[in-house]
Amino acid sequence: MRELNPFSYAFHEDPYPTYRWLRDEHPVYRNERLGFWALSRYHDVVEASRDWAVYSSAEGTTLERLDPRLGDYLPMMIFMDPPRQTRLRSLVSKVFTPRRVAALEPFVRERARHHLDRLAAAAGGDFVRECSALLPMDVIFTLLGVPAGDRDRMRGLMDASLHRDPDTPAIPPAAVDAMAQQGRYWFELVAARRRRPEDDLVSQLIAAELPGDDGTFERLTDAEVAGFLNLLGAAGNETVTKLLANAIVLFARHPREYAKILADPARIPGAVEEVLRYTSPSQYQGRTLMRDVTLHGTTMPAGDRVLLLTASANRDERAYDDPDRFDVERAQLVPLGFGYGVHSCLGAALARLESRVALEEFTQRFPRYAIDEARLERVHMSNVHGFSGVPFRAVSG
Ligand code: HEM
């Protein structure tokens with residue numbers, strides 16, 4: 001029987017026919033076997049994303065329910081509702097404003113050039129392993145203050161902690177172990193910066209004062225600082241890596257669209273938005289219902305899990321004309337690829353900057369290139385969509 005199964009490897013290859021089926025035939029979809037509901041239409045996803053009081057993040061944002069012990073061990077605002085989420089977010093939001101992020105452009109460009117020059121010298125290589133996995137890592141780990149010698153290992157652990165086996169929501173033992181190792185690392189880093197502060201985000205978070213309800217100020221606990229590092233590290237690494245590789249694959253498949261950004265680099269920011277819409281690195285946001293909700297004549301009871309399928313909403317023909325056409329000049333609606341509402345992506349400005357700069361540099365070095373479709377490798381994660389390997393080569397002429 002046809003179903004939406006976020007753990008199916010075949011589904012990861014091409015989720016879009018399933019999304020269309022859901023939007024057309026089951027706008028309030030129920031999967032009894034895996035125990036969840038799903039909303040797939042643009043309007044429904046926007047409304048639900050806005051309503052944090054009914055659609056709670058406190059039990060996690062992927063289909064797998066969060067182990068409640070994780071919330072105590074590594075508290076992360078993405079798994080909280082306001083007012084606590086709002087208070088924590090206000091602490092870091094100023095680091096990621098478009099103005100503060102714009103100041104990072106020379107550094108981002110220098111890193112992008114470094115990786116792409118090496119690929120250009122070899123006339124190609126693996127775009128993920130040699131560029132799109134490395135650039136976001138350089139940027140977010142430099143901001144956080146992760147020593148250079150620890151970065152590859154931490155990124156590997158992040159990938160491992162998100163990997164899922166085929167067809168099961170059970171978290172593989174290797175993923176659990178990778179999460180535990182990351183947690184230990186963040187606590188050790190916090191302890192090291194408490195002893196000797198440096199000019200980095202870890203030290204700033206340790207020193208930050210958080211206004212309490214009664215007008216007094218509190219400091220973050222070690223667990224809260226470690227939780228921030230875990231969240232920012234993972235969010236900053238995983239998604240930009242996927243967006244950039246999705247872009248390179250899409251442009252190889254749509255040479256006319258590539259020609260447009262080659263002809264006019266001012267189209268690159270719009271192209272980034274279109275890549276995000278067309279193949280969203282984050283496919284859905286999971287929520288728990290805080291009360292019964294009736295939509296399209298179906299009642300979803302309080303306590304049940306609901307997936308807000310942003311990747312489907314982005315292809316909804318009720319919102320976009322000809323949504324399956326990849327068009328870098330398309331007028332965008334609310335960019336649901338970065339989520340929407342109180343949790344909307346804190347790193348959106350940074351992600352846009354990294355993506356724009358990487359594409360500007362890529363187009364200059366590879367005006368013509370080909371990807372090796374047969375050797376593309378996909379990640380298999382619960383809600384993160386994209387490639388772990390994209391072999392490509394320059395084409396002369
Ligand atoms: C293309 C790249 C990116 C995509 C597609 C993306 C996507 C998302 C989405 C969909 C959400 C909403 C989650 C929810 O509602 O449950 C989110 C939240 C978040 N993102 Fe991103 N993200 C990207 C890059 C980044 C970067 C570079 C950072 C680094 C700072 C970052 C940090 C965060 C944080 C901290 C949250 C949680 C915000 C909160 O709970 O208030 N993201 N992101």
Side-chain angles (χ1 to χ4, degrees), residues 45-46 48-52 55-63 66 75-98 100-101 104 108 132 135-144 158 201 205 227-247 269 271-288 305-311 313-314 334-359 381-386:
V45 171
V46 168
S49 303
R50 245 201 266 274
D51 198 352
W52 57 263
Y55 294 85
S56 164
S57 295
E59 286 185 302
T61 57
T62 55
L63 179 52
L66 209 64
M76 287 178 261
M77 66 180 173
I78 198 168
F79 305 140
M80 292 174 195
D81 296 324
R84 196 169 169 218
Q85 178 259 354
T86 320
R87 282 220 298 268
L88 286 174
R89 186 167 166 129
S90 70
L91 266 186
V92 281
S93 53
K94 52 184 176 299
V95 178
F96 295 101
T97 57
R100 287 282 288 276
V101 164
L104 297 172
V108 172
S132 79
L135 175 67
M137 176 182 82
D138 294 341
V139 175
I140 195 71
F141 282 167
T142 301
L143 284 179
L144 294 182
M158 282 166 189
L201 198 58
L205 286 169
F228 257 126
L229 302 178
N230 199 60
L231 171 62
L232 292 168
N237 266 301
E238 284 295 333
T239 44
V240 182
T241 300
K242 308 299 179 288
L243 182 121
L244 283 173
N246 289 345
V272 169
E273 301 303 313
E274 178 65 348
V275 172
L276 186 66
R277 182 193 74 83
Y278 197 83
T279 45
S280 310
S282 169
Q283 293 273 297
Y284 71 82
Q285 278 73 65
R287 299 290 190 254
T288 304
R305 300 282 290 156
V306 190
L307 307 189
L308 310 180
L309 300 173
T310 38
N314 280 334
V334 170
L336 289 179
F338 283 127
Y340 187 56
V342 293
H343 289 282
S344 77
C345 182
L346 179 80
L350 182 58
R352 287 182 166 120
L353 172 75
E354 289 176 23
S355 306
R356 171 176 62 77
V357 168
L359 286 180
M381 298 174 173
S382 180
N383 70 340
V384 177
H385 179 80

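Both counts, for ligands and for their atoms, begin at 1 and track the order of listing. Values below: all heavy atoms of this structure, side chains included; hydrogens, waters and symmetry mates excluded. Note that the coordinates shown come from a computational prediction; the quantities given were computed from them, not determined experimentally.
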**Request:** For Asp81, check salt bridge (charged side-chain N to carboxylate O under 4.0 Å, His left out) against everything at least two apart and list the hits.
**Result:** none
**Message:** Looking at Thr97 and Arg100, would you say the former's side chain and the latter's main chain have a donor-acceptor pair under 3.5 Å?
**Reply:** yes
**Prompt:** Looking only at side chains, do Tyr340 and Thr310 share a donor and an acceptor under 3.5 Å apart?
**Reply:** no
**Message:** Quick check for you: to the nearest 0.5 Å, what is the distance between Asn237 atom CG and Met137 atom CE?
**Reply:** 7.0 Å
**Request:** Starting from atom 38 (C) of ligand 1, locate the nearest protein heavy atom and write down its residue, its atom name and how far away it is, to 0.1 Å.
**Result:** Arg89 NH1, 3.3 Å
**Asked** Out of curiosity, is Leu276 lining ligand 1, as in a heavy atom under 4.0 Å away?
**Response** yes
**Complete:** If you scan protein heavy atoms around atom 14 (C) of ligand 1, the nearest is Gln285 CG, 3.3 Å
**Prompt:** What atoms in ligand 1 come closer than 4.0 Å to a heavy atom of Met77?
**Reply:** 35 (C), 40 (O)
**Request:** May I ask you to decide whether Arg352 forms a salt bridge with Glu273, counting only side-chain N to carboxylate O separations under 4.0 Å?
**Result:** yes
**Protein contact to atom 16 (O) of ligand 1 [nearest heavy atom, distance to 0.1 Å]** = Arg287 NH1, 3.0 Å
**Asked** Can you tell me how far OG of Ser57 sits from CE of Met76, rounded to the nearest 0.5 angstrom?
**Response** 12.5 Å
**Residue-atom pairs from the protein, N, O or S only, that lie under 2.8 Å from atom 21 (Fe) of ligand 1** = Cys345 SG
**Request:** Decide, yes or no, whether a salt bridge links Lys242 with Glu238 under the criterion of side-chain N to carboxylate O below 4.0 Å.
**Result:** yes
**Fill in**
So the atoms of ligand 1 within less than 4.0 Å of a heavy atom of Val240 turn out to be 2 (C), 27 (C)
**Item:** Subset of ligand 1 atoms that lie under 4.0 Å from at least one heavy atom of Leu231
**Value:** 35 (C)
**Message:** Quick test: of every protein heavy atom, which one is nearest to atom 40 (O) of ligand 1, and how far off is it to 0.1 Å?
**Reply:** His343 ND1, 2.6 Å
**Message:** Quick check on contacts: which atoms of ligand 1 are under 4.0 angstrom from a heavy atom of Leu232?
**Reply:** 30 (C), 35 (C)
**Prompt:** Checking side-chain hydrogen bond (donor to acceptor under 3.5 Å, both in side chains) for the pair Ser382/Tyr284: CA distance, chi angles, key distance, verdict?
**Reply:** CA-CA 9 Å; Ser382 180; Tyr284 71 82; 2.7 Å; yes
**Prompt:** Nearest to atom 30 (C) of ligand 1, what protein heavy atom do you find, and at what distance?
**Reply:** Phe96 CE2, 3.5 Å
**Message:** Within the 4.5 Å heavy-atom criterion, are Leu135 and Val240 side-chain neighbours or not?
**Reply:** no
**Prompt:** Can Val342 be said to touch ligand 1, with heavy atoms closer than 4.0 Å?
**Reply:** yes
**Prompt:** So which bit of Glu354 gets within less than 4.0 Å of ligand 1, heavy atoms only: side chain, backbone, both or neither?
**Reply:** neither
**Inter-residue atom distance Leu309.CG - Leu336.CG, 0.5 Å rounding** = 11.5 Å
**Prompt:** Judged by atom type as modelled, is there a donor-acceptor pair below 3.5 Å linking the side chain of Glu59 to the main-chain atoms of Ser56?
**Reply:** no
**Message:** Would Gln285 and Ser282 count as a side-chain hydrogen bond (donor to acceptor under 3.5 Å, both in side chains) here? Give the steps.
**Reply:** CA-CA 8 Å; Gln285 278 73 65; Ser282 169; 2.8 Å; yes
**Item:** Shortest protein contact, atom 7 (C) of ligand 1 (heavy atom only)
**Value:** Gly337 O, 3.5 Å
